Structure formats: structure tokens, C-alpha cells
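Working notes, beginning with the structure itself.
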There are 2 protein chains.
Amino acid sequence: MSRPPGKAPPKFRRYSPEVRAQMLVEAGLRVLGRGGITAFTIDNICAEAAASRGLITHHFGSKDGLLAAVYRAAYRPVLDSLDDAGTGAPDLGELIERSFRPDNFTRESLNIWLALWGEIAVNPQLLTEHRKLYAAYRATMEGAIRRAAQAAGRRVEADRLAVTVISLVDGLWLEQCIDPSVMTPAEAKAACLALITPVLGPLGVAGEGNGTGPNS
Amino acid sequence: MSRPPGKAPPKFRRYSPEVRAQMLVEAGLRVLGRGGITAFTIDNICAEAAASRGLITHHFGSKDGLLAAVYRAAYRPVLDSLDDAGTGAPDLGELIERSFRPDNFTRESLNIWLALWGEIAVNPQLLTEHRKLYAAYRATMEGAIRRAAQAAGRRVEADRLAVTVISLVDGLWLEQCIDPSVMTPAEAKAACLALITPVLGPLGVAGEGNGTGPNS
DNA sequence: ATTGCTATTGTACATCCGTTCAACAGGACG
DNA sequence: CGTCCTGTTGAACGGATGTACAATAGCAAT
């Protein structure tokens with residue numbers, strides 16, 4: 001018996017646990033990006049992943065288990081951007097360049113991080129994960145700042161300055177994601193550099209003369 | 001019949017609509033601060049306000065109506081801090097001083113703002129409100145920066161710098177609220193000033209070294 | 001006191017939530 | 001062809017959620 005032409009519903013698809021887990025994590029990420037933590041429900045996620053309702057419990061134990069996995073998945077790209085595979089630690093200009101890539105400046109990523117930060121307050125395990133990422137971010141930034149200061153022949157408190165620069169980058173990201181009409185990612189980067197260069201001297205950033213005019 | 005001594009439940013309390021509305025808004029604020037948007041439910045809010053389940057619908061039409069009111073209530077203190085009653089516009093040092101007051105640096109206020117920012121994505125009306133506040137904030141900051149630059153005899157792009165300084169302040173606030181172990185509010189203020197002074201010159205900020213002012 | 005107005009209450013209801021679980025389907029191996 | 005094994009399904013359940021609504025209780029005016 002041939003299948004009716006209009007409908008071809010493959011009701012049963014079998015994947016390896018790793019593949020299926022990743023499918024669910026990515027679906028969770030999309031759902032979170034679209035509607036925030038309120039939309040992060042079993043029904044929404046499973047519909048997004050084209051899976052049945054029982055699968056999240058089966059693969060992650062509970063919805064919170066999936067959320068923890070989503071958390072780690074959201075962190076990975078950030079961690080990956082912190083070190084170049086093989087070529088060593090990125091310098092400050094490169095670090096800032098990456099931070100202001102337009103793909104990060106989306107409403108989706110804002111929704112994801114608002115939800116995850118909100119969960120930190122409830123789930124202490126996530127706070128631990130957050131600290132791991134933050135420590136890595138801070139150490140990388142501190143090293144980059146130290147090298148930049150040395151190259152410019154300046155003395156700075158690299159450890160404190162690292163925290164400040166991270167806050168500045170995140171703050172610019174936050175404001176721009178909440179209301180994109182405030183500025184473009186390129187303007188945000190220029191604004192960031194405008195505050196850093198008086199302290200560290202000019203950085204060799206590609207496309208630096210974007211908003212500030214050709215010469216002084 | 002005299003009331004039993006152990007229990008005195010006044011089941012029926014009557015308030016004017018304005019008073020009751022404010023009670024519900026404040027209860028909503030507390031609930032939001034305690035558990036984020038997930039805890040913002042009819043049952044939680046009414047229990048917190050010691051009111052019955054029907055009251056939110058009666059006074060605000062729906063739960064979203066209450067959330068909009070909560071939104072406005074959360075904005076008011078920020079707006080109030082932007083101008084001194086009678087004495088004119090605050091200067092830059094005063095503005096920064098207020099931004100880093102420890103009462104703002106709490107998990108509760110973080111939860112509130114994470115929830116509200118998340119709602120902006122869904123409710124366009126809230127985006128309009130947000131822009132009103134941001135415009136006021138930005139204008140005040142721009143004026144303060146322009147006066148500070150003039151006093152220091154420096155030339156700056158006050159409009160762009162205002163956006164940057166706001167982002168820096170908010171970024172420091174965000175990082176510190178997510179994980180208070182990163183720094184204290186006083187350190188956050190110092191870090192903020194460390195990035196601003198190279199551009200604008202030293203600001204006459206009261207309590208720059210954590211002195212609360214002379215005795216009297 | 002009586003009446004009218006309205007803030008308030010608590011139940012009812014339809015929907016949605018997360019989790020459990022028995023049954024099922026597709027390979028792998030003999 | 002038969003038999004495990006395991007990923008998958010979808011119904012079922014108890015509980016929570018937002019709203020509607022009829023009944024109730026205080027308060028002011030008469």
C-alpha cells in the first residue's frame with residue numbers, strides 16, 4: 001500500500017542519544033531566544049525539536065536537566081572565542097573585535113542570557129558554571145590588557161581594568177540588544193575603543209576609523 | 001461572640017482603588033524580585049498582597065495590566081534620581097554617586113530588571129516606555145558630561161560619550177548583581193571613574209575614597 | 001434603618017504544566 | 001526468523017495557572 005500523497009509523517013525517528021540530546025538542546029536554545037524563560041516548556045521544546053513529550057525526561061531526567069545543558073551550550077561559543085586554537089591567546093584588539101560581532105547583537109541572544117542569568121539566582125550550580133566562564137574571560141582579558149599596556153609602554157592595573165572592560169563591553173551589548181535603535185554594533189565598538197584608548201593607547205583594530213573621522 | 005484569641009483573620013479589607021492598586025504593584029515587585037518572572041503568578045502576588053484571587057483582574061484587567069503598572073513603578077525611582085527637585089540638574093559626579101548606591105546592587109533588583117527587559121521583547125508598549133526613560137537618562141547624562149568637560153576645559157562628543165558611560169554603569173551593575181563576589185559597589189564606582197577621568201579629568205565626587213562626608 | 005454602590009471574595013472552569021509509564025518500533029545479533 | 005535491547009511514543013495524572021462570575025460585605029447617602 002502506497003502512502004497517501006499529501007501526507008508523509010515519519011512518526012518514529014531513531015537517533016543516537018548524543019545526537020538527540022543535541023537536537024533538544026538546540027531546540028531549547030531557539031525557544032529561549034524566541035520567547036524567553038516563559039516559553040521554555042516541554043510542549044514548545046518538543047514541538048520545536050519534532051520530538052514527543054517524553055524525550056526530555058528520558059534524555060535529561062527533567063526539564064531542569066535540559067536547562068543546565070542549554071546553559072553549557074550557550075557558554076561554549078563564548079569560551080571558544082577566548083582562545084585561538086594553536087595560535088595562542090588573542091590580543092586585546094582581536095578580543096574586542098569578536099565581542100562586537102553583529103551576530104551576538106540579537107534579540108534572541110538577549111532573551112537567552114536574560115533567562116540564564118535569572119536562573120543563576122535560583123540554581124546555585126549555574127552560579128558555579130558562571131564563575132568558571134567569568135574567571136576564564138577575566139584571565140584572558142587581563143593577559144591581553146597587560147600585553148597591550150606593555151606594547152604601549154604604559155602602566156595599568158590589568159586585573160581591575162579587565163573587570164571594567166568586560167563590564168563596558170557587556171553593558172554596550174545589553175543596551176544595544178534591548179533597543180537596537182540606540183546604536184549599531186560598529187558604533188558600540190567605536191564607543192568602547194573611545195574609552196579604552198586614553199588608558200591603553202591606540203589598539204591595532206581592523207576598521208578602527210569607523211565613526212571618528214580620518215585624522216585629528 | 002468574642003474572637004478566639006489565637007486567630008484574628010480580617011477576611012474583608014476595603015481600600016480605595018488607588019491604595020489597593022499600589023499594594024498589588026508593590027507585592028508584584030517583591031514577588032518579581034524574589035523569584036523572577038516565573039514566580040509572577042496570580043496566586044503568589046495575591047498571597048503576597050494578602051488579597052483574594054479576583055482582585056488583580058478587577059483592578060488591572062489582567063495580569064499583563066498589573067505587569068505594565070509594575071514596569072512603571074520600577075522606573076519611577078530611576079527617573080526621580082535624574083533631577084533634583086528645585087536645585088536643578090545634577091552634575092556628573094552626583095549622577096555617578098547615585099548610580100552606585102548599594103541599594104541598587106541587589107539580587108532583587110537584578111531579578112526585576114531581567115524580567116522587565118525580557119518582557120520588552122514581547123510587549124511593544126513597554127519598549128516605548130523604555131525609550132522614554134532611556135531618552136531622559138541620556139539627556140541628563142549628556143548635559144552633565146558637557147558641563148564637566150567645560151569645567152575641565154576639554155572637548156568631547158557629549159552625546160556619544162553619554163551612551164557609553166550609561167553602558168559602563170549598567171554593565172558594572174549587571175556583573176556585580178549576577179555575582180556579588182566580583183566586586184563591591186564602591187569598587188565598581190572606582191572602576192567607573194578610572195575609565196572616565198582620563199577623558200573628562202578628575203570629577204569632584206564626594207566620598208571618592210569611601211568617606212561619607214565630614215561630620216556635623 | 002434602609003438603600004444603593006462598589007470593593008472584595010472564593011469558587012468554578014478550561015487550559016496548560018511537568019512527569020510517569022506501559023506499550024511500541026526499529027535495529028543488532030543469533 | 002526470532003529475540004533482546006533501547007530509543008521513542010502518546011496517553012494519563014495531579015497540580016498550577018489565568019480568567020469569569022455570582023455572591024458577599026463594608027461604606028456612604030438617604
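Since we're looking at a predicted model, the values are computed, not measured. Sequence lines set the chain letters: A, B, ... in the order given, protein chains first and strands last, and positions in each chain run from 1.
Salt-bridge annotation for B:D179 and A:R131: present, with a side-chain N of the basic residue lying under 4.0 Å from a carboxylate O of the acidic one. Of the charged side-chain nitrogens involved, at least one lies within less than 4.0 Å of a carboxylate oxygen, so that B:R98 and B:E94 count as a salt-bridged pair.
Across residues 19-42 of chain B, B:F40, B:T41, B:I42 each have a non-hydrogen atom less than 4.0 Å from an atom of DNA chain D (numbered order). Residues of residues 53-60 of chain A that place a heavy atom closer than 4.0 Å to DNA chain D, in numerical order, are A:R53, A:G54, A:L55, A:H58, A:H59.
Comparing D:dT24, C:dT19, D:dT8 by their nearest atom to the side chain of A:S52 picks out D:dT8.
Using modelled atom types, one side-chain atom of B:R147 and one backbone atom of B:G143 make a donor-acceptor pair closer than 3.5 Å. Put simply, the side chain of A:N111 gets close to the backbone of A:G33: a donor and an acceptor are under 3.5 Å apart.
Taking the ring centroids of A:W113 and A:Y75, they lie under the 6.0 Å cut-off.
Sorted by first then second residue, the side chain to side chain donor-acceptor pair (under 3.5 Å) pairs that include residues 17-31 of chain B, not counting sequence neighbours, are B:S16-B:E18, B:Q22-B:E26, B:R30-B:E48.
Contact detail for B:A158 and B:R146: the closest heavy-atom pair is CB-NH2, 3.6 Å. When all heavy atoms of B:A89 and B:D84 are compared, the closest pair comes out as C-OD2, 4.4 Å.
Rounded to an integer number of Å, the gap from A:Y15 OH to D:dC5 C1' is 20 Å. To the nearest angstrom, P of C:dC17 lies 9 Å from NZ of A:K63. One interatomic measurement links the two molecules: CG of B:L66 to P of D:dT17, which rounds to 15 Å at whole-angstrom precision. The nearest whole Å value for the distance from the CZ atom in A:R13 to the C1' atom in D:dT8 is 12 Å.
You'll find a donor-acceptor pair under 3.5 Å spanning the side chain of A:R14 and the base of D:dT6, going by distance alone.
Contact between the side-chain N/O atoms of B:K11 and the OP1/OP2 oxygens of C:dG10 is found at a separation under 4.0 Å.
Within 4.0 Å (heavy atoms only), B:S16 reaches no atom of the nucleic acid at all.
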With salt bridge (charged side-chain N to carboxylate O under 4.0 Å, His left out) as the test, would you mind laying out the steps for A:R138 and A:E142 before giving the verdict?
CA-CA 6 Å; A:R138 184 172 171 174; A:E142 182 180 336; 5.1 Å; no

